[in-house]
Amino acid sequence: MPGQRKAVVVTHSQLAATGTEVKEVVEQLKYAGFDVVIVDNLEAPPFAAAEMQSVDPDTEIVVVLGGDGTILRAAELVKGTDVPIVGINMGHVGFLAEFESFQIRDAIAKIAQRDYSIDERVIAWVDVWLPGADEPLHDWALNDVTLERADRGKMVELSIRVDDVEMSSFGCDGVIVSTPTGSTAYAFSAGGPIIWPNVDALQLVPLAAHALFSRPLVIGAKSAFTIDILEDSSSEGWICCDGRRQRGLPRGSRLVVRQSPNSLRLARLLGVPFTSRLVSKFDLPVVGWRESNKSRGGKR
């Protein structure tokens, strides 16, 4: 039908086969006038893949049913396009999701009315130089780029530079380079700070570094991290982007991670501030123990 609106529903095969939510979302989108395509293949493409499956550029929106991992799969589908993503959480925390599963009708109604704003998210771009290579391998991440030891029983020896100035060198389990979006994921678990999504920055968080100075580092939009796997490292390396695209790295490999000139678009239907999302998703104790004690009539 000429001019028909297009939507892509991204989920995982188990939910597509057994869940009533997928059927409900598809039916409501079709009722609202959308031509709907379902993608339930979550298999990760190879690291630095020259081509990846992508949505048609005239797709109006991608609706994700699942957790944050499914949203990262959807990010691969919209990379290089202006198509926004909206998530309906079917997982646990679902930090990137806008709605919970019981809010499906409200979500589809707002999508049908185009009642949403667009949140531009920073993407990390990584160049990987293998020993002796004339050209780097390229990949990217919405959440994080991790470089870890390939041998579980040994440390990987790394050199860390910022803007070509060497800052540190240590043995460790690895490092995480995270975007603001990924600051609430693996980097947060490793002790990194939470960075608000509207900040143009990347952070590096060491994993169990054998060093006196191994604090997280945060750099601005025009800076870059350079990470070398030293030739005398006990272990080779292993790189992974967004927990999906991965490969082994030999000693002597170099990673350069910087902010991509492109961004990824998340549709925001509720207008809830990031701080409120942070409090609710992490169930933060906004009332301290002193205030709680006072309310129970306790004495200081």
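If you read the sequence from its start, that first residue is 1, and numbering goes on from there. Nothing here was measured: the structure is a model prediction, and the numbers come from that model.
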S.K.: Taking all atoms of both residues into account, what is the closest heavy-atom pair of I118 and A267, and its distance?
M.R.: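 Reported closest heavy-atom pair: CD1-CA, 4.3 Å.
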S.K.: Check the hydrophobic clustering (I, L, V, M, F, W, Y; side-chain heavy atoms under 4.5 Å; chains of links allowed) and say if W238 and Y186 are grouped together.
M.R.: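 Each belongs to a different hydrophobic cluster.
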S.K.: Could you give the side-chain donor-acceptor pairs of residues 187-207 under 3.5 Å, partners two or more places apart or in another chain?
M.R.:
from, atom 1, to, atom 2, distance (Å)
W196, NE1, T275, OG1, 3.2
Q203, NE2, P193, O, 3.1

S.K.: Determine the minimum heavy-atom distance between F170 and A211, stating which atoms define it.
M.R.: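 Taking every non-hydrogen atom into account, CB-CB, 3.7 Å.
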S.K.: Looking at residues at least two apart in the chain, or sitting in another chain, which of them share a side chain to side chain donor-acceptor pair (under 3.5 Å) with R245?
M.R.: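 Applying side chain to side chain donor-acceptor pair (under 3.5 Å) to R245 gives E76, D139.
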S.K.: Name all residues meeting the side chain to side chain donor-acceptor pair (under 3.5 Å) criterion together with W140; count only those two or more places apart in sequence or in a different chain, and write none if there are none.
M.R.: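 Side chain to side chain donor-acceptor pair (under 3.5 Å) check on W140 returns nothing, list empty.
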S.K.: Restricting to non-hydrogen atoms, name the atom on D144 and the atom on I176 that form the minimum distance, rounded to 0.1 Å.
M.R.: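 Taking D144 first and I176 second, the nearest heavy atoms are CB-CG2, 3.8 Å.
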S.K.: Between S223 and D163, which heavy-atom pair has the shortest distance, and what is it?
M.R.: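 So the minimum-distance heavy-atom pair works out to OG-OD2, 2.9 Å.
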S.K.: Should Q28 and V25 count as side-chain neighbours, where that means a heavy-atom distance under 4.5 Å?
M.R.: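 The answer is no; the side chains never approach within 4.5 Å.
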S.K.: Mind checking what makes side chain to side chain contact (heavy atoms under 4.5 Å, CB included) contact with F102, not counting sequence neighbours?
M.R.: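 F102 satisfies side chain to side chain contact (heavy atoms under 4.5 Å, CB included) with E100 only.
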S.K.: Quick check on side-chain hydrogen bond (donor to acceptor under 3.5 Å, both in side chains): which of Q53, E43, H12 does R73 satisfy it with?
M.R.: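 Exactly one candidate clears the test, Q53.
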S.K.: What residues form a salt bridge (charged side-chain N to carboxylate O under 4.0 Å, His left out) with D58, not counting sequence neighbours?
M.R.: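 Once residues adjacent in sequence are excluded, the partners of D58 under the salt bridge (charged side-chain N to carboxylate O under 4.0 Å, His left out) criterion are K6.
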S.K.: Let me have the donor-acceptor pairs involving side chains of residues 147-158, under 3.5 Å, with sequence neighbours excluded, atom names and distances please.
M.R.:
from, atom 1, to, atom 2, distance (Å)
R149, NH1, R152, O, 2.8
R149, NH1, K154, O, 3.1
R149, NH1, D173, OD1, 3.4
R149, NH2, R152, O, 3.3
D151, OD1, G153, N, 2.9
R152, NH2, R149, O, 2.2
E157, OE1, G171, N, 3.3

S.K.: Does the salt bridge (Lys or Arg N to Asp or Glu O under 4.0 Å) test come out yes or no for E60 and R114, once each step is laid out?
M.R.: CA-CA 10 Å; E60 183 174 321; R114 295 188 177 92; 3.2 Å; yes
S.K.: Please list, chain by chain and in numerical order, all residues satisfying salt bridge (charged side-chain N to carboxylate O under 4.0 Å, His left out) with E120, sequence neighbours excluded.
M.R.: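 Only R265 meet the salt bridge (charged side-chain N to carboxylate O under 4.0 Å, His left out) criterion with E120.
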S.K.: Show me the side-chain donor-acceptor pairs of residues 79-87 shorter than 3.5 Å, one per line, residues at least two apart or across chains.
M.R.:
from, atom 1, to, atom 2, distance (Å)
T81, OG1, V78, O, 2.7
T81, OG1, V83, N, 3.2

S.K.: Do I227 and V218 sit in the same hydrophobic cluster, where Ile, Leu, Val, Met, Phe, Trp and Tyr count as joined when their side-chain heavy atoms come under 4.5 Å apart?
M.R.: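 I227 does not cluster with V218.
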S.K.: Report whether I229 and L130 are members of the same hydrophobic cluster (ILVMFWY, side-chain heavy atoms less than 4.5 Å apart, transitive linking).
M.R.: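 Yes; tracing contacts between hydrophobic side chains, which count when under 4.5 Å, links both residues.
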S.K.: Determine yes or no for a side-chain-to-main-chain donor-acceptor pair under 3.5 angstrom, with R5 supplying the side chain and I61 the backbone.
M.R.: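 A pair under 3.5 Å: no.
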S.K.: Got a list of side-chain donor-acceptor pairs under 3.5 Å for residues 251-260, not counting sequence neighbours?
M.R.:
from, atom 1, to, atom 2, distance (Å)
R251, NE, S233, O, 2.6
R251, NH2, S233, O, 3.4
R251, NH2, S234, O, 3.1
S253, OG, P250, O, 2.8
R254, NE, D228, OD1, 2.6
R254, NE, D228, OD2, 3.4
R254, NH2, D228, OD1, 3.4
R254, NH2, D228, OD2, 3.4
R258, NH1, D127, OD2, 3.3
S260, OG, N262, N, 3.1

S.K.: Sequence neighbours left out, what passes side chain to side chain donor-acceptor pair (under 3.5 Å) with R268? Give chain and number order.
M.R.: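 E98.
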S.K.: Any idea which heavy atoms bring N89 and G67 closest together, and the distance?
M.R.: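 It is OD1-CA, 4.0 Å.
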S.K.: Just to verify, what does W125 make a ring pair (Phe, Tyr, Trp, His ring centres under 6.0 Å) with, not counting sequence neighbours?
M.R.: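 Result, ring pair (Phe, Tyr, Trp, His ring centres under 6.0 Å) vs W125: H138.
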S.K.: Please enumerate all residues that pass side chain to side chain donor-acceptor pair (under 3.5 Å) together with S54, with sequence neighbours excluded.
M.R.: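 With neighbours one apart ignored, the set is empty.
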S.K.: Does one hydrophobic cluster hold both I71 and V8, with members joined at side-chain heavy-atom distances below 4.5 Å?
M.R.: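 Hydrophobic grouping puts I71 with V8.
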S.K.: If you compare all heavy atoms of L230 against all heavy atoms of S169, which two are closest, and at what distance to 0.1 Å?
M.R.: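 Here L230 and S169 meet closest at CD1-OG, 3.7 Å.
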S.K.: Can F47 be reached from W129 by stepping across I, L, V, M, F, W or Y side chains whose heavy atoms are under 4.5 Å apart?
M.R.: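 W129 does not cluster with F47.
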